[in-house]
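The next block holds one structure in the form of structure tokens; read it before the comments.
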Amino acid sequence: MKEHRTKLLIIGSGPAGYTAAIYAARANLNPIQVLGIQPGGQLMITTDVENYPGFADAIQGPWLMEQMLAQAQHVGVKTVEDMIVRADFSRRPFVCEGESGELYIADAVIVCTGAQAKWLGLESEEKYRGYGVSGCAVCDGFFFKDKEVAITGGGNTAVEEALYLANHASKVTLIHRRDQLRAEKVLQDRLFENPKVQIIWNSVIEEILGDEEPFKTVTGVRLRDTQTGERKVLAASGVFVAIGHKPMTELFKGQIDLDEHGYILCKPGTTLTNVPGVFAAGDVQDSVYRQAVTAAGQGCMAALDAQRYFAENPPSYSRIA
């Protein structure tokens with residue numbers, strides 16, 4: 001069984017992972033980065049990106065991730081195409097096992113496995129994702145200025161994103177499968193008072209409708225009433241799915257502290273978990289902002305936290321690369 005030994009192991013990629021790797025390499029921590037199941041994370045399924053600083057024109061999410069990967073490799077990061085499936089944080093050095101069967105042994109670990117938006121599971125949703133279907137209003141709301149959009153969900157995230165979309169869209173229709181929202185009362189009051197927002201109760205989206213020519217675009221949704229079974233079509237230029245996110249922390253359960261929703265708990269203002277030498281950055285520990293730029297910032301923080309950790313806790317064995 002092949003073993004990889006390193007001072008610092010970075011699990012996952014995306015803005016948090018790549019930034020952590022860049023800073024760690026420049027600090028001579030000689031990191032190994034295991035890229036995971038989807039190198040680049042959620043930005044690999046994002047088309048136009050206009051809110052990442054440094055680019056006057058819109059850029060493509062996959063291109064941005066390719067550039068971050070290239071930068072990490074340029075400064076000396078060893079990147080490995082593998083996925084961690086088991087982790088042992090019970091003692092130092094920490095031991096992680098890849099899907100390949102290879103072992104990764106490290107004195108410190110930065111977890112950057114991210115989170116995935118929960119989707120409706122429709123074939124048409126997959127077809128138009130990135131072409132009018134989105135899981136992030138803050139990321140994509142600007143593209144629907146003065147257009148009619150639909151959003152589905154009933155919790156805080158759905159209501160907050162509906163209110164955000166109302167700043168851009170001419171009309172926002174919130175679709176909820178029940179007859180009342182789960183969101184906090186103060187958010188509901190703001191939603192009900194907003195003249196741009198209408199609510200369709202007891203309904204679910206059965207299909208995303210769209211055109212193929214002259215280019216792929218969303219035109220509306222087909223709804224089904226959960227009580228009567230009646231179906232109708234709602235016109236919309238964009239569809240936002242806000243039914244929650246799932247942090248990719250399953251393999252860390254019982255290893256590090258998680259909150260009730262599965263996000264990694266960190267000491268406030270840091271990336272420190274409850275296990276000394278294990279850090280977390282990006283959407284895997286951030287259930288609030290979930291932006292590429294905040295994830296990158298946390299990646300930087302994690303690398304600096306790891307550097308400080310090594311200043312106080314030298315590597316536990318001499319054969320580390």
Side-chain angles (χ1 to χ4, degrees), residues 12-17 36-52 60-62 64-65 83 111-144 149-165 168-169 172-177 181-183 187 204-208 210 218 221 236 238-251 258-264 280-296 298:
S13 45
I37 190 171
Q38 186 182 39
Q42 294 185 72
L43 277 179
M44 295 302 290
I45 56 171
T46 302
T47 51
D48 289 350
V49 176
E50 286 193 332
N51 57 3
Y52 197 87
Q60 299 297 299
L64 179 60
M65 291 299 92
M83 181 174 69
V111 178
C112 304
T113 47
Q116 291 184 343
K118 295 179 181 178
W119 298 96
L120 300 172
L122 303 175
E123 183 177 334
S124 56
E125 175 188 53
E126 178 71 25
K127 178 180 179 180
Y128 290 104
R129 194 179 301 172
Y131 297 93
V133 174
S134 171
C136 179
V138 176
C139 308
D140 300 324
F142 177 80
F143 299 114
F144 298 92
V149 300
I151 182 169
T152 182
N156 284 352
T157 298
V159 173
E160 288 171 349
E161 297 213 336
L163 290 169
Y164 178 85
L165 288 169
H168 300 284
V172 179
T173 302
L174 178 66
I175 301 158
H176 188 44
R177 59 182 176 175
L181 301 172
R182 303 187 311 277
L187 289 175
V204 294
I205 297 175
E206 278 198 334
E207 184 181 6
I208 311 291
V218 166
V221 293
V239 179
F240 291 82
V241 180
I243 57 177
H245 285 75
K246 179 183 179 182
M248 307 303 288
T249 55
E250 190 68 30
L251 72 102
L258 310 176
D259 71 10
E260 60 182 343
H261 301 294
Y263 289 89
I264 295 176
D283 288 8
V284 75
Q285 61 107 319
D286 175 15
S287 62
V288 178
Y289 301 105
R290 296 198 301 266
Q291 299 299 303
V293 67
T294 53
Q298 289 177 356

Q. Is there side-chain contact between Gln291 and Pro15, with at least one heavy-atom pair below 4.5 Å?
A. no
Q | Any residue meeting side chain to side chain contact (heavy atoms under 4.5 Å, CB included) with Thr249, in chain and number order, not counting sequence neighbours | A | Pro247, Phe252, Leu258, Ile264, Val284
Q) Tell me, do Val239 and Tyr128 make a side-chain contact under 4.5 Å, heavy atoms counted? A) no
**Q.** N/O donor-acceptor pair under 3.5 Å between Ser124 side chain and Glu207 backbone
**A.** no
Q | Whether over 12 other heavy atoms sit under 6.0 Å from Glu250 CD | A | no
Q. To the nearest 0.5 Å, how far apart are OH in Tyr263 and CG in Asp283?
A. 7.0 Å
Q: Using the test side chain to side chain contact (heavy atoms under 4.5 Å, CB included), find all partners of Ala242 that sit at least two apart in sequence or belong to another chain.
A: Ile151, Thr157, Ala158, Glu161
Q. Say you draw a straight line from OG1 of Thr294 to CG of Asp286; how long is it, rounded to the nearest 0.5 Å?
A. 5.0 Å
Q.
Going by the rule ring-ring contact (aromatic ring centres under 6.0 Å, His included), which residues pair with His245 if we only count those two or more places apart in sequence or in a different chain?
A. none
Q | side chain to side chain donor-acceptor pair (under 3.5 Å) involving Thr173 - partner list, sequence neighbours excluded | A | Gln198
Q.
Test your reading of the model: is there a side-chain donor-acceptor pair from Thr152 to the backbone of Val241, 3.5 Å cut-off?
A. no
(Q) Looking at every heavy atom in both Tyr52 and Leu64, which two are closest together, and how far apart are they? (A) CG-CD2, 4.0 Å
Q.
How close do Ser13 and Gly40 get, counting heavy atoms only, and between which atoms?
A. OG-N, 3.0 Å
Q: Enter the distance from Cys112:SG to Gln285:CD here, rounded to the nearest 0.5 Å.
A: 9.5 Å
Q. Can you name the closest pair of heavy atoms from Ala236 and Ala150 and give their distance?
A. CB-N, 4.0 Å
Q. What's the verdict on side chain to side chain contact (heavy atoms under 4.5 Å, CB included) for Asp140 and Phe240, showing C-alpha distance, side-chain angles and the deciding distance?
A. CA-CA 9 Å; Asp140 300 324; Phe240 291 82; 4.1 Å; yes
Q: Apply the test side chain to side chain contact (heavy atoms under 4.5 Å, CB included) to residues Trp119 and Glu126: give CA-CA distance (whole Å), side-chain angles for both, the deciding distance (0.1 Å), then the verdict.
A: CA-CA 9 Å; Trp119 298 96; Glu126 178 71 25; over 6 Å; no
Q.
Let me confirm one number: the NZ-NZ distance from Lys246 to Lys118, rounded to the nearest 0.5 Å.
A. 8.0 Å
Q: Just jot down the side chain to side chain donor-acceptor pair (under 3.5 Å) partners of Glu125, sequence neighbours excluded, or say none.
A: none
Q. Are any of the side-chain heavy atoms of Phe142 and His168 separated by less than 4.5 Å?
A. yes
**Q.** Results of side chain to side chain contact (heavy atoms under 4.5 Å, CB included) for Ile37 - residues two or more places apart only
**A.** Met83
Q) About how many Å separate SG of Cys139 and CD of Glu50, when rounded to the nearest 0.5 Å? A) 12.0 Å
Q. Which heavy atom in Val221 sits nearest to a heavy atom in Ile208, and how many Å separate them?
A. CG1-CD1, 3.9 Å
Q | Spatial distance of atom CG (Leu181) from atom CG (Leu187) [nearest 0.5 Å] | A | 10.0 Å
